[in-house]
Amino acid sequence: MHLVFVAGWMRSGTTVLAELLGSSPGALAVGELATMWMALERDDLCSCGQSVRSCPVWSVVAAEVAEIHDIGPGRATSYAKFDGELHAVLRMKRLPGLRRLRRSTPDRMPSDVGRITAVMQTVLRVVTDVSECDVIVDSSKRPTALVVFGLIPGVELTPIHLVRDPRAVAYSESRHRQWAGVEAHLAPPGRGALLSAVNWIVTTILCHRVGRRFPGYRLLRYERLTTQPTETMAAVTGGLGLAPPQFVAPDAVQLAPSHVVNGNPSRFGGRLRKISADERWRTDLPARERVTVGVLTAPVRLAVKLLAR
Ligand SMILES: [Zn+2]
């Protein structure tokens, strides 16, 4: 089983990258495996158009997870309870301890980590079997999920770490966003530019430090992806042993069917994905915030430029 893990901070284009990767022949985008359990609990809409529990992929996952791990409605552990168990393991304060774990020494694995990796192994096995795709694309983003999913037995994990200019991220975070779901609702208000910059720095450094341990790790800049999409996707998919997605224009891809159960509402759009750089921050982010975020993040931005490929 091959899992491509899209890592990075929020509002960085991870959804678009996952959609593009998932549109490569032999690959399937499934959204955020770290947050799929509440989608199962609520029976949200899958990007295939069916509700999650009726979806041809996730319904089989649900049946197997119930049978093998006793998780699901009327079972020993509800989806919501398992979501709680998973997020207890994925808390940032667990990261140092998680990084010391090795797949080769399962006897040293804490029981809660062992249970999460066993369940996720079942999920990946079923998704791989039912979809008949060799590569599963997950966009769980956060470094703790990257470490824990790297401990799943029998899974080859390749992280693609997407980094966007933090001033664009701060601008995007300052705006409200509407999420799509069974019932659309407004996401919480954005955080301040300073907090956004600090989060960007911490997440960028941690994703890089964790990700570079895995073979095939790639640090990729959003600006390169959106200004040279064809060349960039050819390089990224080539590194993964995949053919690139089908570009119908230099900046547009015909998206393949996917089974994404959560994430950004853009996935519910048409089957044609236009790729363009969102540069509104250059004119619309207030000058004071632009300078604050720019100065604070300058050393890490420089490092990203030097290390990205
Ligand atoms: Zn589906």
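If you read the sequence from its start, that first residue is 1, and numbering goes on from there. In each ligand, atom 1 is the first atom listed, and ligand 1 is the first ligand listed.
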Run the salt-bridge test on Arg273 and Glu19 with the 4.0 Å N-O cut-off and return the result as yes or no. yes
Count up the protein N, O or S atoms sitting under 2.8 Å from the Zn ion (ligand 1), would you? 4
Answer with yes or no whether the hydrophobic clustering places Val60 together with Met1; edges join I, L, V, M, F, W, Y residues whose side-chain heavy atoms lie under 4.5 Å apart. yes
Given the options Ser172, Pro166, Ser174, Arg11 meets side chain to side chain contact (heavy atoms under 4.5 Å, CB included) only with Ser172
Is it true that His161 and Phe5 have ring centroids separated by less than 6.0 Å? no
Do the side chains of Asp112 and Arg94 get close enough for a salt bridge, i.e. N-O under 4.0 angstrom? yes
NZ/NE/NH1/NH2 to OD/OE distance under 4.0 Å, Glu289 and Arg167: no
